[in-house]
There are 2 protein chains.
Amino acid sequence: MPRPSRWNEIIEAAAEAFRTNGFAATSLEDIASAVGMWKGSLYHYIDSKEDLLFAVVRGPAEEILNQLRELSETDLPPTEKIRRATRSHVQILNSNFVYASVYLQEIAGRRKLPEWTAMDREYLDLLESIVKEGVESGEFSAVTNPRVATLALIGSLNWLTHWYRPGGSLHADEIADQFCDLFLGGLITRKTKASRSQTITPLKTTKPRAKSTA
Amino acid sequence: MPRPSRWNEIIEAAAEAFRTNGFAATSLEDIASAVGMWKGSLYHYIDSKEDLLFAVVRGPAEEILNQLRELSETDLPPTEKIRRATRSHVQILNSNFVYASVYLQEIAGRRKLPEWTAMDREYLDLLESIVKEGVESGEFSAVTNPRVATLALIGSLNWLTHWYRPGGSLHADEIADQFCDLFLGGLITRKTKASRSQTITPLKTTKPRAKSTA
DNA sequence: AGGATAACCAAACGATCGTTTCATTTCGCA
DNA sequence: TGCGAAATGAAACGATCGTTTGGTTATCCT
């Protein structure tokens with residue numbers, strides 16, 4: 001059997017430990033024993049404990065940002081952009097649940113390394129731009145402060161790591177649709193809930209897909 | 001000058017350190033030096049490091065729950081209940097910002113001590129009951145899953161600790177009103193945004209106010 | 001004034017942590 | 001088959017952590 005690369009095992013064990021106990025409260029001993037080796041041997045793969053954290057977190061962080069970048073370059077109506085951005089956010093949280101949870105708990109907020117701060121900022125700005133489009137086009141006339149509305153949406157989405165569990169009774173798609181209806185229903189004023197759930201036509205984009213590290 | 005009780009200084013220093021660095025990454029040395037004493041001397045006030053965490057967090061956790069309990073016992077319409085619950089949540093986050101941030105980052109989710117889990121659960125259940133009232137009365141007919149809608153609201157509110165800062169340019173009241181409009185606009189279907197911003201009539205309740213630890 | 005008690009100093013303890021070092025085993029490949 | 005590199009074992013290091021201990025100073029009360 002072509003045993004899966006040891007590196008992946010290490011990253012997964014680290015991610016699981018970081019998620020449940022937090023980065024600072026997780027010892028290299030914990031991770032090493034989870035994959036069945038001595039903690040010193042981990043240094044054949046890493047240079048420091050923080051390397052593990054960044055390795056765990058980089059994949060989904062780049063993926064979720066790239067998807068929003070691609071979406072922003074389309075000329076879909078703001079309503080549909082919000083809908084797709086929400087779905088994309090939920091789905092990445094679903095398929096990379098452990099990694100994304102570690103990111104939100106250990107990177108967003110606490111650690112203020114410029115690399116990650118810039119990514120958070122860009123994601124927020126891109127989403128806010130979509131909301132502003134909707135405001136200027138009159139679709140989102142209920143919004144008085146686009147940034148607050150955007151942060152409300154991001155908050156709902158990121159809080160998923162506190163209660164959603166992949167494989168649970170609630171499916172990611174249902175949750176995403178609920179969120180869309182909730183927020184768009186609040187954003188839209190005139191049109192009486194038309195465009196409720198279009199079939200998802202895949203985004204055709206000229207740029208190559210973001211490479212996934214998973 | 002009647003110098004403020006040393007205990008309060010300790011708690012505040014601990015809270016600030018826990019918020020910025022996390023509980024596990026904060027040493028008693030950090031806290032001791034912040035109040036100008038030796039770390040061993042802290043044990044005249046505490047029995048363990050975790051005591052500090054619980055002392056920091058207990059006040060606002062009980063206060064926010066008690067306020068929602070009182071509100072739930074009234075017979076206000078669901079719309080108004082949601083509005084007041086949102087305002088109350090934001091205001092406690094505003095006036096006990098550091099303590100509440102520590103709670104959300106260190107207690108909610110991670111530590112699974114039954115005491116705190118029960119409080120989280122009760123808060124969620126109370127809020128969900130309000131949403132269900134609205135669904136049954138027909139006001140919130142857009143909601144297909146009350147729990148998801150409730151968790152979306154809680155997520156937006158709790159995510160405030162990631163971007164809101166007391167004394168910043170955005171006032172807590174404005175944010176609360178924005179959130180209300182956003183969520184109620186999404187929840188309400190028929191009535192065309194009436195009852196937008198009533199003057200806040202204080203809740204008259206027979207029970208004594210929750211004592212504040214601040 | 002003086003004694004009890006609270007408040008704090010100062011040092012040390014054992015445990016654990018991240019990391020280093022070097023020896024040993026395992027594996028890919030010519 | 002054998003050699004070099006990758007992978008892991010095994011032990012130890014220095015630093016730091018939470019906590020304990022015992023002594024010293026300050027404060028309050030009668």
Side-chain angles (χ1 to χ4, degrees), chain A residues 1-58 99 102-103 105-107 110-113 116 213, chain B residues 1-58 99 102-103 105-107 110-113 116 213:
Chain A
M1 41 190 158
R3 110 176 115 88
S5 123
R6 214 80 167 84
W7 171 246
N8 282 3
E9 296 180 32
I10 293 172
I11 291 298
E12 281 174 29
E16 189 57 46
F18 291 162
R19 189 185 73 85
T20 52
N21 296 89
F23 174 78
T26 297
S27 70
L28 292 180
E29 174 78 23
D30 296 335
I31 300 169
S33 77
V35 299
M37 60 192 222
W38 296 66
K39 60 174 179 173
S41 305
L42 286 174
Y43 281 80
H44 190 255
Y45 298 89
I46 61 174
D47 286 333
S48 75
K49 188 188 175 188
E50 276 210 327
D51 281 3
L52 276 174
L53 177 59
F54 297 147
V56 159
V57 134
R58 176 159 290 114
Y99 301 131
V102 172
Y103 180 87
Q105 285 167 20
E106 300 292 337
I107 304 285
R110 198 108 68 211
R111 246 166 268 267
K112 285 305 188 184
L113 303 175
W116 307 107
T213 343
Chain B
M1 41 191 159
R3 107 175 118 87
S5 125
R6 215 79 166 84
W7 171 246
N8 282 1
E9 297 181 30
I10 293 172
I11 292 298
E12 280 174 30
E16 188 58 45
F18 290 162
R19 189 184 73 85
T20 52
N21 296 97
F23 175 77
T26 298
S27 70
L28 292 180
E29 174 78 24
D30 295 335
I31 300 170
S33 77
V35 299
M37 63 191 219
W38 294 67
K39 61 175 179 173
S41 306
L42 286 174
Y43 281 80
H44 190 255
Y45 299 89
I46 62 174
D47 286 334
S48 74
K49 188 188 174 187
E50 277 210 326
D51 281 2
L52 277 174
L53 178 58
F54 297 147
V56 159
V57 134
R58 175 158 291 116
Y99 302 132
V102 172
Y103 180 88
Q105 285 167 20
E106 301 292 337
I107 303 284
R110 198 108 68 211
R111 247 165 266 265
K112 286 304 188 184
L113 302 175
W116 307 105
T213 346

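Order of the sequence lines fixes the chain letters, A, B, ..., with proteins taken first and strands second; residue numbering starts at 1 for each chain. Note that the coordinates shown come from a computational prediction; the quantities given were computed from them, not determined experimentally.
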K.L.:
Go through the steps to decide whether B:Gln105 and B:Phe23 satisfy the test side-chain contact (heavy atoms from CB on, under 4.5 Å), and finish with yes or no.
P.N.:
CA-CA 9 Å; B:Gln105 285 167 20; B:Phe23 175 77; over 6 Å; no

K.L.:
Check the distance between D:dT8's P and A:Trp7's CH2 and give it to me in whole angstrom.
P.N.:
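To the nearest whole Å, that distance equals 13 Å.
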
K.L.:
Closest approach of B:Val56 and B:Ala14, non-hydrogen atoms and distance?
P.N.:
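Of all heavy-atom pairs spanning B:Val56 and B:Ala14, the closest is CG2-CB, 4.3 Å.
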
K.L.:
Atom CD1 of A:Ile46 to atom P of C:dT19: distance rounded to whole Å?
P.N.:
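Answer to the nearest Å: 7 Å.
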
K.L.:
Calculate the interatomic distance between A:Met37 atom CE and D:dT8 atom C1'; express it in whole Å.
P.N.:
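That distance rounds to 7 Å.
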
K.L.:
In whole angstrom, give the distance that lies between atom CG of A:Leu42 and atom P of D:dA7.
P.N.:
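So the CG-P distance, A:Leu42 to D:dA7, works out to 13 Å.
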
K.L.:
Determine the interplanar angle of the B:Tyr45 and B:Trp7 rings, folded into 0 to 90°, and report it as parallel if under 30°, tilted if 30 to 60°, perpendicular if over 60°.
P.N.:
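Aromatic pair B:Tyr45/B:Trp7 classed parallel.
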
K.L.:
Within this structure, what is the CZ-CD distance for the pair A:Arg19 and A:Glu106, rounded to the nearest 0.5 Å?
P.N.:
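Going from the CZ atom of A:Arg19 to the CD atom of A:Glu106 covers 12.0 Å.
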
K.L.:
Throw together a table of side-chain donor-acceptor distances under 3.5 angstrom for residues 31-43 of chain A, partners on residues two or more places apart or in other chains.
P.N.:
residue : atom : partner : partner atom : Å
A:Ser33 : OG   : A:Glu29 : O            : 3.3
A:Ser33 : OG   : A:Asp30 : O            : 3.2

K.L.:
Kindly say if B:Ser41 contacts the phosphate of C:dC9, meaning a side-chain N or O under 4.0 Å from OP1 or OP2.
P.N.:
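Yes, B:Ser41 has a side-chain N/O under 4.0 Å of OP1/OP2 on C:dC9.
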
K.L.:
Rounded to the nearest angstrom, tell me the gap between atom CH2 in A:Trp38 and atom P in C:dC22.
P.N.:
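A:Trp38 atom CH2 is separated from C:dC22 atom P by 19 Å.
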
K.L.:
How does protein contact run along nucleotides 13-18 of chain C, one letter per nucleotide 5' to 3', with B for base contact, S for sugar-phosphate only, - for none, heavy atoms under 4.0 Å?
P.N.:
----BB

K.L.:
Looking only at heavy atoms, what is the nearest atom pair of B:Arg110 and A:Thr20, with distance?
P.N.:
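That closest heavy-atom pairing would be CD-O, 3.5 Å.
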
K.L.:
Please report the distance, rounded to the nearest Å, between CZ in A:Arg6 and C1' in D:dA7.
P.N.:
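Distance, rounded to whole Å: 9 Å.
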
K.L.:
Strictly below 4.0 Å: does A:His44 bring a side-chain N or O up to OP1 or OP2 of D:dT8?
P.N.:
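Result: no.
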
